[in-house]
Amino acid sequence: MPVDMVLHNAKIYTRGRIVEAGLAIDDGRILKIAKETNLPPASTKMNLKGHVTLPGLIDPHVHLRNQQLAYKEDFSSGTAAAAAGGVTLTIDMPNNKPVTMDSISLRERMKLAERRAVVNVAFYSAFPQKLEEVPSIVTEGAMAFKLYMSEKIGGLDVDDDKLLLQAFNKVAKMGVPVAVHAEDRKILETKRREMEKTGRKDVEAYSKARPPEAEAQAIRRIAQLAKKSGVQVHFCHVSSAIGLNAFLTAKKDGFPVTCEVTPHHLLLSSEHLKRYRTLALTNPPLRTRKDVIALWSALKQGFIDALASDHAPHTVEEKEVESVWDAKPGIPGLETTLPLLLTEVSEGRLTIADLVRLTSEKPAEIFNLRNRGCLEEGNWADIVVVDINRKYKIDSSNFYSKAKYSPFDGWSVKGKPTKTFVNGQLVMDEGEIVAKPGTSQIVRWKG
Ligand code: NCD
Ligand code: ZN
């Protein structure tokens, strides 16, 4: 019996190095990685023309929206954007309308995604109103909980550390992580009131209202709770030097913490925010050059666990408004992450090994995504083929995402995802989505 597919003439990144080989896929999984003569006969053969072949990206920070926010993004447009960007699995954030915060709302989102998605989708839940519901949310399949320290999303009072500890203890028993948006609500509220009183409406006022201290303070508070409860805490989008220091202190003390940074916090700073105004507005805000340097330094020393897009789509009308206080924060990133990072690789600031570790291997490990995150026999065939020499300009008008704007618009990049395979199926070919909606998997937590 021939196997389903053989990809041949590839440069495959496997076990820490690039090998010239082919890859046999059967039943959605990688059956064999070997020289072509040692691969089994296949129903379909595809020549990858010597292109670099990497594990598909696992993006742990994606807002796919849908439901009442479908005008910003839905499971079709969001996962098409993922496929176009070489992302084979997205973990969906819970700040939806309605908020994902119990097994019913989670099941509803899974049902919607199941019919529409073209890449694999896993889900976060916010904390429920009643903590007794934590186990049922996990058994329904949530991969992790998401906690916003910046505002109340879900059932928890974020100012109440005692309650947060109870919640963390419950989650610790279930063995899933808690991802945290670390900006302290009280600091944000005080600073914002101060800024609004001055009558300022500019983006710099917004940044002043969300200072790095708010990030550092929230990280310190949560790190203590991580230690006390033993729950694995993943800090989302760490953006500032002092936030990073708070994180590194906790990590060095052996607290169970990991963190991610975003491409926009690595590649943009407050100067870009001044130039692109509300289009580049995001939470936490873009920081100073000094903060950017600190993030890169930590990344090069191996202290950053993951890179995540924080794909946060809004309409252009919601972004381009007069007063910064009316603007929606968030930048779409699914279609720019890999090209931007490949450009960093081509310019020598990142290695392919760094890229794969930060965008696939570690996210799979942190979120317990079994048999994913690296190209190895037995794993799911979640693959992205890249043309590392292709030069082009980012053009947000071509995005599959409904959010057709980007602070990276017009940037010259080198490196393009040309084919994306999800569970062994070709879903994106030369920028075209070629899979039927609903062909991917809903990835559920399995105990
Ligand atoms: C997020 C969104 O739009 O959902 N926006 C963002 O700037 N990252 C929500 C949030 O994290 O504030
Ligand atoms: Zn966030």
Side-chain angles (χ1 to χ4, degrees), residues 61 63 72 93 95 146-154 156-161 164 179-222 235-247 259-262 264-295 310 312-333 403 405 407:
H61 198 143
H63 300 268
K72 296 176 195 260
M93 283 294 170
N95 61 330
K146 171 74 185 278
L147 176 66
Y148 290 83
M149 297 299 284
S150 48
E151 58 190 305
K152 188 175 184 228
I153 295 175
L156 284 186
D157 173 1
V158 296
D159 300 327
D160 184 346
D161 281 10
L164 291 183
V180 177
H181 178 127
E183 285 186 287
D184 187 85
R185 195 196 67 78
K186 281 187 183 154
I187 298 180
L188 298 187
E189 193 180 281
T190 314
K191 294 281 174 192
R192 179 163 177 158
R193 236 188 271 123
E194 273 172 36
M195 275 299 130
E196 280 183 317
K197 253 192 243 156
T198 66
R200 287 179 60 176
K201 294 176 179 170
D202 57 299
V203 286
E204 283 155 308
Y206 188 90
S207 289
K208 283 207 163 79
R210 299 187 87 108
E213 290 79 27
E215 182 171 79
Q217 169 68 2
I219 291 177
R220 283 193 289 267
R221 266 178 71 197
I222 292 295
F235 288 106
C236 300
H237 43 52
V238 173
S239 62
S240 66
I242 61 167
L244 188 64
N245 277 341
F247 167 75
C259 86
E260 73 188 27
V261 295
T262 70
H264 48 268
H265 288 113
L266 281 175
L267 299 171
L268 303 172
S269 68
S270 36
E271 288 134 50
H272 297 93
L273 179 61
K274 225 168 25 182
R275 194 167 345 138
Y276 304 131
R277 285 194 66 249
T278 46
L279 216 62
L281 197 77
T282 189
N283 294 337
L286 299 176
R287 307 292 193 186
T288 66
R289 287 284 311 150
K290 272 195 184 150
D291 293 299
V292 172
I293 289 165
L295 293 182
D310 188 8
H314 299 284
T315 66
V316 172
E317 293 72 34
E318 287 173 321
K319 295 293 289 181
E320 293 199 316
V321 291
E322 240 274 295
S323 164
V324 77
W325 310 113
D326 297 330
K328 296 281 185 219
I331 295 172
Y405 64 88

Sequence-distant partners of R185, salt bridge (Lys or Arg N to Asp or Glu O under 4.0 Å), two or more places apart: D159, E189
Any side-chain heavy-atom pair of F235 and L244 under 4.5 Å: no
Under the side-chain contact (heavy atoms from CB on, under 4.5 Å) test, residues paired with S323 that sit two or more places apart: K201, W325, D326
T262-H264 side chain donor-acceptor pair, cut-off 3.5 Å: yes
Test salt bridge (Lys or Arg N to Asp or Glu O under 4.0 Å) applied to D310 - qualifying residues, sequence neighbours left out: none
Pairs flagged by side chain to side chain donor-acceptor pair (under 3.5 Å) wherever residues 268-279 is involved - sequence neighbours left out: none
Heavy-atom side-chain contact between K146 and H61 under 4.5 Å: yes
Contacts of H265 that satisfy ring-ring contact (aromatic ring centres under 6.0 Å, His included) - sequence neighbours left out: none
Partner residues of H314 under the ring-ring contact (aromatic ring centres under 6.0 Å, His included) criterion, sequence neighbours left out: none
From CA spacing to verdict: side-chain hydrogen bond (donor to acceptor under 3.5 Å, both in side chains), S240, R287: CA-CA 7 Å; S240 66; R287 307 292 193 186; 4.8 Å; no
Non-hydrogen side-chain atoms of L279 and E320 separated by less than 4.5 Å: yes
Residue pair K72 / H63, side-chain heavy-atom distance below 4.5 Å: no
Set of side-chain hydrogen bond (donor to acceptor under 3.5 Å, both in side chains) partners for Q217, sequence neighbours left out: none
Test side-chain hydrogen bond (donor to acceptor under 3.5 Å, both in side chains) applied to D160 - qualifying residues, sequence neighbours left out: none
R221: partners by salt bridge (Lys or Arg N to Asp or Glu O under 4.0 Å), with sequence neighbours left out: D161, D184
Nearest heavy-atom neighbours spanning Y405 and A312: OH-O, 3.6 Å
Sub-4.5 Å side-chain heavy-atom contact between K191 and R210: no
Close side-chain approach of K319 and L281, heavy atoms under 4.5 Å: yes
Point-to-point distance, once rounded to the nearest 0.5 Å, from CG of L188 to CE of M149: 10.5 Å
Shortest non-hydrogen contact between A403 and P313, atoms and distance: CB-CB, 3.5 Å
Side-chain heavy-atom pair V203, L286 within 4.5 angstrom cut-off: no
Qualifying residues under salt bridge (Lys or Arg N to Asp or Glu O under 4.0 Å), relative to R192, sequence neighbours excluded: E196
N/O donor-acceptor pair under 3.5 Å between E183 side chain and E215 backbone: no
Beyond-backbone contact of I331 with P407, side-chain heavy atoms, under 4.5 angstrom: yes
Residue from I219, L164, I222 passing side-chain contact (heavy atoms from CB on, under 4.5 Å) with V180: I222
Gap between atom CG of D202 and atom CD of E322 - 0.5 Å precision: 11.0 Å
Residues in side-chain hydrogen bond (donor to acceptor under 3.5 Å, both in side chains) contact with T190, at least two apart in sequence or another chain: none
CD on E151 to CG on N283, rounded to 0.5 Å: 8.0 Å
Nearest heavy-atom neighbours spanning L273 and S207: CD2-OG, 3.3 Å
Test ring-ring contact (aromatic ring centres under 6.0 Å, His included) applied to Y148 - qualifying residues, sequence neighbours left out: H181
